[in-house]
Protein chains: 2
Amino acid sequence: MWERAEIFGKSVIMNIVEFAKCLNLSIGTVSRALNDRPDVSPKTRQMVLEKAQELGFARNANARHLVTGRTFLIRLECPYNADVLSDRYLIEMARALEEETHAHNYNLLLRLGRRREGMETEMYSVDGLVVIGAPEVSPDDFNALTRRGRTPAVLIDGPEPSDFPNASHVCVDTQPGVREALQYLADLGHRRVGYIGSGFPGQHVRVRLPELMAEAGLIWDPALAVEAGVTRQEGSEAATRLLQMANPPTAIFARTDVLAFGAIEAAQQLGLSIPGDVSVIGHDNVEIATLVNPPLTTVAIDIPQVAKAAIRALLEMIEQKAAPSIESCGAHLVIRKSCGPPTAAALAVR
Amino acid sequence: MWERAEIFGKSVIMNIVEFAKCLNLSIGTVSRALNDRPDVSPKTRQMVLEKAQELGFARNANARHLVTGRTFLIRLECPYNADVLSDRYLIEMARALEEETHAHNYNLLLRLGRRREGMETEMYSVDGLVVIGAPEVSPDDFNALTRRGRTPAVLIDGPEPSDFPNASHVCVDTQPGVREALQYLADLGHRRVGYIGSGFPGQHVRVRLPELMAEAGLIWDPALAVEAGVTRQEGSEAATRLLQMANPPTAIFARTDVLAFGAIEAAQQLGLSIPGDVSVIGHDNVEIATLVNPPLTTVAIDIPQVAKAAIRALLEMIEQKAAPSIESCGAHLVIRKSCGPPTAAALAVR
DNA sequence: CTGTTAGCGCGTTCAA
DNA sequence: TTGAACGCGCTAACAG
């Protein structure tokens with residue numbers, strides 16, 4: 001059924017030899033015309049292109065890949081299983097990467113789920129690899145993924161660059177966004193800002209929080225920084241603790257949007273309005289952030305920028321055999337409706 | 001840098017000839033061992049496999065594809081641009097399809113954005129195509145996609161099967177889920193159930209609503225069926241109209257979750273509690289359905305089932321040259337917290 | 001069971 | 001500017 005069938009007495013699947021024969025040209029000329037080479041007369045090229053359209057001739061991609069050694073395919077690897085919300089980040093990143101690869105005439109091969117053992121040798125031959133969201137990826141994993149370093153790779157938000165000198169890195173640095181967020185709160189008139197952390201150790205933001213707060217002209221009080229976890233419930237509990245303090249913060253900055261949702265919930269349960277009585281800022285710009293009430297102001301990683309940087313680095317390695325590079329991308333503040341100036345009463349408390 | 005480099009004095013990229021030479025075997029034997037053919041002695045196979053691992057030999061996929069005419073690649077096409085919420089459906093479908101293809105040792109090539117003109121001849125050679133969510137796909141589009149029908153294709157929730165007899169079809173029939181939903185409401189004690197439609201003409205569910213209602217033992221009153229649109233706001237307005245009737249429904253079934261969100265909002269603004277005073281059921285099982293308050297009971301399309309059916313149909317065409325098939329997949333009810341028994345007062349009204 | 005050989009379809013030399 | 005011939009790396013058919 002899908003074989004070299006006959007339609008109207010003509011072989012449907014044509015190779016370049018048969019096609020060239022139809023045009024009374026040699027395959028060399030046809031190939032050059034199709035590849036847009038300069039050494040073909042314009043009208044020959046024109047004719048070849050038209051006839052290809054007319055006869056429905058398309059070159060066999062596999063043969064081209066064999067002879068050129070290129071596939072124009074880039075594979076996206078997500079070595080870890082994420083929950084739904086961080087998936088949102090992955091999905092948006094995948095979309096951005098896909099757009100970027102298409103813009104360069106590459107295709108993106110997606111692998112959302114876990115890698116299966118033993119598929120290494122059966123895996124598709126790709127020109128490059130994007131490994132995303134895998135701070136914990138091991139050298140062994142990396143070797144398996146890249147066929148012992150033979151396939152150019154770029155790691156987004158991956159492990160320490162120094163551990164994988166053969167790969168390019170795009171590091172996501174959220175500090176600019178956090179800085180913006182704190183400055184925004186300060187400009188609104190806040191002085192005491194609470195922080196709800198996600199409990200992960202060694203987060204740059206957490207570590208540099210005192211400094212960042214001070215920089216924005218905010219008060220740094222260790223009692224205002226609590227570690228929660230990842231769920232909305234945990235965010236709610238942490239916010240409740242903060243808001244019931246004798247001298248509560250007038251704004252809360254949560255390490256993730258989900259924690260911020262919990263904080264909003266907690267404030268509302270305590271009878272506080274947002275942003276009237278308390279301001280809340282999240283982090284991640286999760287899709288739902290626009291749909292909660294009030295829509296959440298949040299720190300957003302610039303996903304298109306990260307995708308652009310990653311694909312650029314990868315293509316430089318693929319096409320120009322460039323050495324691996326390291327780039328850092330920032331984040332910025334997305335202002336919606338969960339922040340406002342503190343009330344006079346709240347300010348009076350301290 | 002990524003060339004046939006020398007590491008430890010040995011060529012890193014090895015072809016099957018060089019590999020066979022290392023083993024003192026012929027390439028034929030090596031090929032058969034690697035392909036798991038029966039006509040190789042077990043210990044030869046064993047040796048070949050071990051040595052391949054040890055020397056890091058992997059066959060050139062492109063050469064295999066050329067000679068076998070197969071790539072084990074399936075491309076997913078989404079010909080239309082969807083909004084964020086229906087994207088959610090696409091994304092979940094993509095995940096399910098990806099799992100399914102991997103289970104069969106195929107890879108899924110994703111194309112989330114719009115197709116670009118002129119990429120036809122440059123497109124990757126794939127074994128099959130899944131076209132999703134394109135009821136409006138035209139024969140021309142279809143021909144371009146399938147290289148004039150040469151590439152096996154399956155359409156998920158596509159146009160009338162009769163219009164594309166060369167493709168397999170997986171139709172999504174939500175009626176079983178709707179039936180379940182209505183029965184669930186009836187079992188809770190409801191009699192008067194309102195319906196908020198999305199305004200699309202010719203929806204099977206809408207057309208058969210009287211019948212489905214009657215089947216569940218519910219009252220069919222045309223006044224209780226209103227057409228809204230697609231936004232939350234429209235859902236809210238429609239629900240307000242329903243709930244302000246002299247003899248209002250005790251439950252509302254909305255054609256989409258977004259409309260249901262609007263209905264919940266409307267009820268709450270009217271001072272009605274959910275599910276205390278009014279029950280609400282949605283349709284689509286959008287991600288956010290679990291996050292609203294109360295979590296929304298909704299009709300869910302069985303995405304894994306659809307994906308399974310699609311891949312099965314496609315692989316039958318690819319591997320067994322089977323004729324195109326048509327299959328219908330159902331939906332089911334996901335019970336969360338937006339439904340309860342009607343209040344005695346509400347029942348007394350009628 | 002193993003070795004040998006002929007293509008798969010194309011890009012890319014070299015001559016003409 | 002064009003044509004002829006070689007080879008990319010592999011599978012499959014056939015011969016031993």
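Note: hydrogens, waters and symmetry copies are ignored here, and every other heavy atom, side chains too, is used. In the text below, chain A, chain B and the rest are named by the order of the sequence lines, each starting its count at 1. Computed from a predicted structure; not experimentally measured.
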Please, which pairs that meet salt bridge (charged side-chain N to carboxylate O under 4.0 Å, His left out) have at least one residue in residues 303-319 of chain A, sequence neighbours excluded?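 Residue pairs passing salt bridge (charged side-chain N to carboxylate O under 4.0 Å, His left out), neighbours aside: A:E100-A:K308, A:R312-A:E327.
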Go through the side-chain N and O atoms of [X] and [Y] and say whether any donor and acceptor fall under 3.5 Å apart.
X      : Y      : result
B:N166 : B:R150 : no
B:T151 : B:R147 : yes
A:N107 : A:R75  : no

Results of side-chain contact (heavy atoms from CB on, under 4.5 Å) for A:S328 - residues two or more places apart only: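 Only A:C171, A:D173 meet the side-chain contact (heavy atoms from CB on, under 4.5 Å) criterion with A:S328.
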Applying side-chain contact (heavy atoms from CB on, under 4.5 Å), name anything that partners A:S138, two or more places apart in sequence or on another chain. A:D140, A:D141
Do A:D163 and A:F142 come within less than 4.5 Å of each other through their side chains, counting heavy atoms only?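 No, their side chains stay 4.5 Å or more apart.
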Any heavy-atom pair between the side chains of A:L155 and A:V131 that's under 4.5 Å?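 Yes - at least one pair of side-chain heavy atoms lies under 4.5 Å apart.
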Please report the distance, rounded to the nearest Å, between [atom1] in [X] and [atom2] in [N].
X     : N      : atom1 : atom2 : value
B:M47 : C:dC1  : CE    : P     : 15 Å
B:L66 : C:dG11 : CG    : C1'   : 12 Å
A:K21 : D:dG3  : NZ    : P     : 13 Å
B:F57 : D:dG9  : CZ    : C1'   : 9 Å
A:F19 : C:dC8  : CZ    : C1'   : 20 Å
B:H65 : C:dC10 : NE2   : C1'   : 16 Å
B:M14 : D:dC8  : CE    : P     : 16 Å

Does [N] have OP1 or OP2 sitting under 4.0 Å from an N or O in the side chain of [X]?
X     : N      : result
A:R32 : D:dG3  : no
B:S41 : C:dC1  : no
B:T29 : C:dT2  : no
A:S31 : C:dC10 : no
A:N62 : C:dC10 : no
B:T44 : C:dT2  : yes
B:R64 : D:dT11 : yes

Could you give the angle between the helix axes at the two ends of the helix from C:dC1-D:dG16 to C:dA16-D:dT1, with five pairs per end, rounded to 10 degrees?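 Angle reported: 40°, given to the nearest ten degrees.
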Do the charged groups of B:D36 and B:R45 touch, with an N to O distance under 4.0 Å?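 So B:D36 pairs with B:R45 through a salt bridge.
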Which residue lies toward the 5' end of DNA chain C, A:I16 or B:L25, if each is placed at its nearest nucleotide?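 The residue mapped nearer the 5' terminus is B:L25.
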Kindly point out which of C:dC10, C:dG3, D:dG9 is positioned nearest to the side chain of B:N60?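 Of C:dC10, C:dG3, D:dG9, D:dG9 is nearest to the side chain of B:N60.
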Side chain of A:N15: nearest nucleotide among C:dG9, D:dT2, C:dG11? C:dG9
Got a donor-acceptor pair under 3.5 Å from the side chain of A:R37 to the base of C:dG11?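 No.
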Residues 46-58 of chain B side chain polar contacts: donor-acceptor under 3.5 Å, at least two apart:
{"from": "B:Q46", "atom 1": "NE2", "to": "B:E50", "atom 2": "OE2", "distance (Å)": "2.9"}

Polar-atom pairs under 3.5 Å, protein N or O versus N or O of nucleotides 5-7 of chain D: list them with distances, or write none.
none

